Each structure stands twice: as structure tokens, then as C-alpha cells.
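A short worksheet on the structure shown next.
Source: prediction; values computed, not measured. Both backbone and side-chain heavy atoms feed into the values below; hydrogens, waters and symmetry mates do not.
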Amino acid sequence: MRRSFLAGLIGVIAARNATAQTPQQAFPPVPSWRPSFSQPLDRVIDRISYYTNGRRDFAVFRNGTCVLLHDGLADQEATEFSLNALSGILNYHPDVDPSPMDDGNVLVRYNQPAVNVVLHDIAEAHWSEIEDRHLDGLTPDEVVITPLGPNTFDTFGKQVLLGRTYMFMDALKPEIAEIRRVR
């Protein structure tokens with residue numbers, strides 16, 4: 001009996017793996033949500049400057065994703081570094097390390113030197129869309145285990161998914177809006 005149970009389990013795993021590898025699935029997997037609203041880049045820039053104590057140069061993408069730069073990079077080097085950072089997130093795995101900030105915003109960090117800030121008042125003004133669409137901020141077949149359960153998100157988690165969605169938008173269609181230099 002034990003042997004047939006294991007054989008059945010292996011069959012289920014093989015079937016799941018075969019399903020997961022279908023050629024119709026896009027790589028890398030991306031969420032379907034494209035928020036109908038954006039955040040003002042001048043405010044995103046202000047908050048990232050504040051969070052870095054005004055000591056870091058950073059590139060700002062059109063949807064607000066910011067890549068923290070090494071000191072002394074020329075514009076072309078900064079552009080290449082920033083594009084590679086977003087590519088590294090998109091083509092590896094979009095792991096996040098979110099933090100609530102002292103000003104009420106949410107900072108979303110990634111496995112590369114990139115961040116998104118979710119402005120509290122913008123999220124609040126568009127809460128009905130966030131509430132309705134936050135699960136569309138997950139990639140196909142993605143499961144995130146939270147303290148509330150699989151793919152169950154509180155207010156903070158829903159804002160994290162919003163920030164991560166902006167990163168996906170920037171990574172899929174990268175356009176640097178500004179390279180912000182320490183003055």
C-alpha cells in the first residue's frame with residue numbers, strides 16, 4: 001500500500017510539473033494588473049531622497065521604480081546598471097522585503113538595489129481598485145504565504161503588491177524618467 005501511495009504522489013508531482021512547463025506560458029511570469037493610476041514622480045523622488053538621507057544617486061523609472069546607484073557612475077553607466085537591476089529582478093524572482101516607513105508610506109525592496117514606494121495618500125485615494133485587483137498583482141500560479149494564509153493579504157500586503165506591480169511595469173517597458181544625483 002505504501003508503494004502505490006508514493007507512485008500516485010510521484011504521478012501527481014510529474015503532472016503538475018508537466019502542466020507548469022507548458023509552452024503557452026510566458027516567461028518570465030508577470031501579473032495581469034496594470035493600475036489605472038500612477039504616483040507623482042516628484043513625490044516618489046522626494047521620499048526616496050528622504051529614505052536615503054539624501055546620500056544616494058538613483059535612477060527613477062516612469063512608473064516610480066527607483067534603482068539605487070553606486071557612487072560616481074556616469075549617466076550611461078547608471079542607465080546600464082539600472083536596466084540590469086530590473087532585468088535581474090524580473091528574470092530571477094521578484095522577492096520583496098517591504099517596510100512600513102515613518103511617514104506612513106510603504107517601501108518595497110527587491111533582491112537587486114531597486115525599490116518602490118507606495119504613497120499612503122495615493123493608495124488611500126485608490127483603495128477600491130487596490131482592494132478589487134490586488135490578487136491580480138500576483139504572477140500566474142504564484143502563492144505567497146502570509147500570516148493570514150496563502151494569498152490572503154492585509155492592507156499592508158495589498159500595498160506591497162501595488163508597489164511590486166509598478167516594478168513589473170517598469171521592468172517590462174523600461175524607461176528612465178530621471179537620474180537623480182546627490183547635490
Is there a donor-acceptor pair under 3.5 Å between the side chain of [X] and the backbone N or O of [Y]?
{"X": "Asp170", "Y": "Val60", "result": "no"}
{"X": "Glu129", "Y": "Ser36", "result": "yes"}
{"X": "Thr146", "Y": "Thr152", "result": "yes"}
{"X": "Arg56", "Y": "Leu69", "result": "yes"}
{"X": "Gln159", "Y": "Val118", "result": "no"}
{"X": "His134", "Y": "Glu131", "result": "yes"}
{"X": "Asp97", "Y": "Tyr110", "result": "no"}
{"X": "Asn53", "Y": "Arg55", "result": "no"}
{"X": "Arg34", "Y": "Met169", "result": "no"}

Exercise for the section: Go through the steps to decide whether Phe168 and Leu90 satisfy the test side-chain contact (heavy atoms from CB on, under 4.5 Å), and finish with yes or no. Expected result: CA-CA 7 Å; Phe168 274 106; Leu90 184 65; 3.6 Å; yes

So, taking the atom named [atom1] in [X] and the one named [atom2] in [Y], what distance separates them when rounded to the nearest 0.5 Å?
{"X": "Ile145", "Y": "Leu148", "atom1": "CD1", "atom2": "CG", "result": "11.5 Å"}
{"X": "Ser87", "Y": "Gln112", "atom1": "OG", "atom2": "CD", "result": "8.5 Å"}
{"X": "Ile48", "Y": "Leu68", "atom1": "CD1", "atom2": "CG", "result": "7.0 Å"}
{"X": "Gln39", "Y": "His126", "atom1": "CD", "atom2": "NE2", "result": "9.0 Å"}
{"X": "Leu135", "Y": "Glu142", "atom1": "CG", "atom2": "CD", "result": "10.5 Å"}
{"X": "Met101", "Y": "Leu119", "atom1": "CE", "atom2": "CG", "result": "12.0 Å"}

What closest approach, in Å, do [X] and [Y] show between heavy atoms, and which atom pair accounts for it?
{"X": "Val117", "Y": "Val44", "answer": "CG1-CG1, 3.7 Å"}
{"X": "Ala177", "Y": "Leu41", "answer": "CB-CD1, 3.8 Å"}
{"X": "Ile130", "Y": "Ala123", "answer": "CD1-O, 3.5 Å"}
{"X": "Thr65", "Y": "Met167", "answer": "OG1-CA, 3.2 Å"}
{"X": "Val160", "Y": "Val96", "answer": "CG1-CG2, 4.0 Å"}
{"X": "Trp33", "Y": "Leu162", "answer": "CH2-CD1, 3.7 Å"}

Can you tell if the side chain of [X] reaches within under 4.5 Å of the side chain of [Y], non-hydrogen atoms only?
{"X": "Leu138", "Y": "Leu161", "value": "yes"}
{"X": "Pro29", "Y": "Asp141", "value": "no"}
{"X": "Tyr166", "Y": "Val108", "value": "no"}

Practice task
Indicate yes or no: does Asp75 engage Arg181 in a salt bridge with an N to O separation below 4.0 Å.
Solution key: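 A salt bridge links Asp75 with Arg181.
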
Handout entry: Distance-only polar pair, side chains of Asp103 and Tyr50, donor-acceptor under 3.5 Å
Key = no

Among the clusters formed by ILVMFWY side chains lying less than 4.5 Å apart, do [X] and [Y] turn up in the same one?
{"X": "Leu107", "Y": "Phe153", "value": "no"}
{"X": "Ile122", "Y": "Phe61", "value": "yes"}
{"X": "Tyr92", "Y": "Leu83", "value": "no"}

Handout entry: Atom CG of Asp102 with >12 non-hydrogen neighbours under 6.0 angstrom
Key =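 Enclosed: over 12 neighbouring heavy atoms sit under 6.0 Å from CG of Asp102.
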
Practice task
Count the heavy atoms belonging to other residues, nucleotides or ligands that lie under 6.0 Å from CZ of Phe37, then report whether that count exceeds 12.
Solution key: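 More than 12 heavy atoms, drawn from other residues, nucleotides or ligands, come within 6.0 Å of this atom.
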
Practice task
Give the C-alpha distance, both sets of side-chain angles, the deciding distance and a yes or no for side-chain contact (heavy atoms from CB on, under 4.5 Å) between Glu77 and Phe81.
Solution key: CA-CA 6 Å; Glu77 294 170 316; Phe81 180 83; over 6 Å; no

Practice task
Apply the test side-chain contact (heavy atoms from CB on, under 4.5 Å) to residues Thr52 and Val182: give CA-CA distance (whole Å), side-chain angles for both, the deciding distance (0.1 Å), then the verdict.
Solution key: CA-CA 10 Å; Thr52 61; Val182 176; over 6 Å; no

Problem - From CA spacing to verdict: side-chain contact (heavy atoms from CB on, under 4.5 Å), Ser82, Phe58 - result: CA-CA 9 Å; Ser82 299; Phe58 55 94; over 6 Å; no

